[in-house]
Visitor: 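Below: one structure in structure tokens.
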Amino acid sequence: MTQIQIKKLFIANRGEIALRIARTARRLGMQVSSAFSSADSGLPHLRLCHKVAELPGDPARVYLDAGKIIDAARRLGAEAIHPGYGFLAENEDFAAAVEAAGMHFVGPTPDQIVALGDKVQARKAALAAGVPIVPGESEPISDAATARAIADRIGYPVLIKAAGGGGGRGMRVVESAAQLEVALARAQSEAGAAFNDPRVFIEKYIARARHVEIQVLGDGFGNAVSLGERECSVQRRHQKLIEESPSPALTRQTAEKIGQLAAKLAASVKYRGAGTMEFIVPFSTQDFYFIEMNTRLQVEHPVTELCTGLDLVEEQLRIASANVAKTPLSLPAVTRLPVHAIEARVIAEDPEADFRPSCGKLDLAMLPAGPGIRVDAWAEAGLSVSPYYDSLLAKVLATGQTREQAIGRLVLALNETFISPVRTTAPYLAALIQQEEFRSGNYDTGTVARLKDKLQKSTCDVSADSAVLAAAEKIARNGHSGMLPRGANARGLSAWQRAE
Ligand code: ADP
Ligand code: ADP
Ligand code: MG
């Protein structure tokens with residue numbers, strides 16, 4: 001086992017992922033530090049840090065200010081910086097600046113971020129490693145004539161994508177030649193505004209598709225392993241809501257094959273750290289096409305931890321240490337455990353008001369626990385959900401010996417997630433995973449949109465009749481320590497279960 005060289009770690013993030021990273025770093029005996037915006041002074045990860053500093057300035061911007069972050073890390077004596085996900089995690093200039101400041105970036109090299117984090121470059125790397133990519137063009141498109149020629153070649157519908165896009169943004173489906181020119185111009189200007197990078201490219205739009213991704217680890221010396229797949233086709237507006245493993249869509253043979261190719265791609269560039277290769281699987285087939293790589297820890301990495309027993313943050317820190325010491329380490333032996341794992345992302349949006357963001361102070365934040373349940377969260381009574389940041393409050397995960405058991409546990413866990421007065425997607429997600437379309441495993445990336453009306457209704461029924469939540473809110477407000485009213489629990493639960 002590699003000796004951990006890094007003793008002092010700075011976490012350049014907030015919320016659940018900062019807490020997640022702090023826990024592992026402490027377990028490994030590290031000194032942990034972090035810096036927080038003026039809106040974040042109460043966040044729980046700060047309690048686990050040995051040293052903290054406030055980041056002066058606009059709370060909406062400070063976590064993106066590489067200069068301020070690096071300065072804080074240096075002043076707090078850090079040897080390495082873990083970027084978490086979002087913010088600066090996939091920013092090659094940040095990674096380079098961290099190294100230039102004499103610290104280690106826990107993640108890939110700046111060159112690898114460019115070569116794999118950019119969707120156009122990544123297509124080329126995949127092609128070179130023999131990984132199938134979505135039919136299309138691997139060069140940015142600047143003029144309408146080129147766009148037309150490509151679209152005619154691959155056939156409509158096509159997808160115009162921002163090379164630097166992310167978070168489900170920067171994509172435009174084009175159904176016919178008549179729409180192409182206008183769509184191209186819009187996509188370019190949107191990409192410029194949103195990602196500071198106007199480059200777009202065109203690939204085939206696979207109308208009915210599943211999203212399957214492979215978690216990989218690379219040691220930075222040319223060795224890489226696959227940690228198996230995650231199925232992420234339950235999406236709303238291209239954003240993942242539910243992730244599970246194993247994928248109900250793939251045979252074990254196909255899953256193994258994709259895993260081997262993903263590891264081969266990572267090894268081919270001497271990838272350093274944890275990363276995820278994302279693939280599109282046309283519905284009802286065992287075909288697969290690479291779409292992009294995320295060169296960081298993924299929101300849904302706990303699904304893989306539950307299926308392998310590994311701690312991915314620990315693996316990241318071991319790889320980082322080995323690279324500091326310039327000595328290759330042994331990547332972990334990966335054994336797929338005989339469990340099914342599912343994650344639900346509970347976010348601060350109101351499903352009854354078209355998913356409008358919901359902000360404000362939390363009076364109540366009761367999170368589930370129990371056999372087969374894991375919760376990665378930052379939400380606590382007294383803290384505030386601010387409008388500046390990602391709306392993720394909690395990731396609720398369930399494992400089971402069977403998929404059915406995991407779903408059953410997750411429904412109950414989501415029903416035991418009482419957060420108020422901020423509205424959350426927990427009731428919506430509980431209703432969603434009880435739908436036949438999800439239970440059967442026969443879903444695709446369009447399933448959530450098709451279930452819109454049905455889900456709207458179940459969620460409203462549940463919220464309106466939740467006597468449990470009403471009673472709990474009252475207790476939170478009044479500080480009353482009595483029992484919930486008799487029957488409240490039973491009434492509440494039967495209402496949730498009507499969601500079918
Ligand atoms: P994942 O599969 O890990 O969820 P996403 O691409 O959906 O990958 O986004 C991961 C995280 O990146 C989000 O939770 C958020 O913190 C951050 N993020 C998402 N979209 C953007 C964006 N457009 N700009 C910056 N950060 C983003
Ligand atoms: P992002 O960086 O925003 O995560 P992705 O390339 O991963 O961008 O695409 C996000 C989602 O959009 C995918 O999970 C999938 O649902 C859908 N998508 C992406 N590419 C295609 C495609 N070629 N055909 C159909 N759907 C796609
Ligand atoms: Mg993606």
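First listed ligand is number 1; within each ligand, the first listed atom is number 1. Along the sequence shown, the residues carry numbers beginning at 1.
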Visitor: Less than 4.5 Å apart, any side-chain heavy atom of L265 and any of Y271?
Guide: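 No. Closest side-chain heavy atoms not under 4.5 Å.
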
Visitor: Please determine if R20 and D311 form a salt bridge, counting it only when a charged side-chain N lies under 4.0 Å from a carboxylate O.
Guide: yes

Visitor: Identify which one of R210, R252, E231 satisfies the side chain to side chain donor-acceptor pair (under 3.5 Å) criterion when paired with S247.
Guide: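 Single side chain to side chain donor-acceptor pair (under 3.5 Å) partner of S247 among R210, R252, E231: E231.
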
Visitor: Ignoring angles and geometry beyond distance, decide whether I206 reaches within less than 3.5 Å of ligand 2 through its nitrogen or oxygen atoms.
Guide: yes

Visitor: Relative to the Mg ion (ligand 3), which of the N, O or S atoms in E292 is the closest?
Guide: OE2

Visitor: Can Y63 and D40 be counted as having a side-chain donor-acceptor contact under 3.5 angstrom?
Guide: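 Judged by distance alone, the side chains do pair up.
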
Visitor: Using a strict cut-off of 4.0 Å, indicate which atoms of ligand 2 neighbour a heavy atom of H211.
Guide: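 So the atoms of ligand 2 that pass are 13 (C), 14 (O).
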
Visitor: Heavy-atom contacts with E203 under 4.0 Å: which atoms of ligand 2 show up? List them by number with element.
Guide: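 That gives atoms 20 (N), 21 (C), 22 (C), 23 (N) of ligand 2.
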
Visitor: At less than 2.8 Å, would any N/O/S atom of E278, backbone or side chain, sit next to the Mg ion (ligand 3)?
Guide: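 E278 does place an N, O or S atom closer than 2.8 Å to the Mg ion (ligand 3).
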
Visitor: Out of K119, M171, H238, E278, who gets a non-hydrogen atom closest to atom 8 (O) of ligand 2?
Guide: K119

Visitor: Any idea which part of N294 is under 4.0 Å from ligand 2, heavy-atom wise: side chain, backbone, both or neither?
Guide: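 Under 4.0 Å from ligand 2, N294 contributes no heavy atoms.
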
Visitor: Any ion pair linking E300 and K395 (charged N to carboxylate O, less than 4.0 Å)?
Guide: no

Visitor: Evaluate Y205 for polar contact with ligand 2, using N/O atom pairs at a separation under 3.5 Å.
Guide: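 N/O-N/O distance under 3.5 Å: no.
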
Visitor: Once the angle between the rings of F105 and F94 is folded into 0 to 90°, is it parallel (under 30°), tilted (30 to 60°) or perpendicular (over 60°)?
Guide: perpendicular

Visitor: Determine, considering heavy atoms only, which of E213, Q235, R210 sits nearest to atom 16 (O) of ligand 2.
Guide: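 The nearest heavy atom belongs to Q235.
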
Visitor: Atoms of ligand 2 less than 4.0 Å from K161 heavy atoms?
Guide: 6 (O), 19 (C), 20 (N)

Visitor: Any atom of ligand 2 sitting under 4.0 Å from a heavy atom of K240?
Guide: no

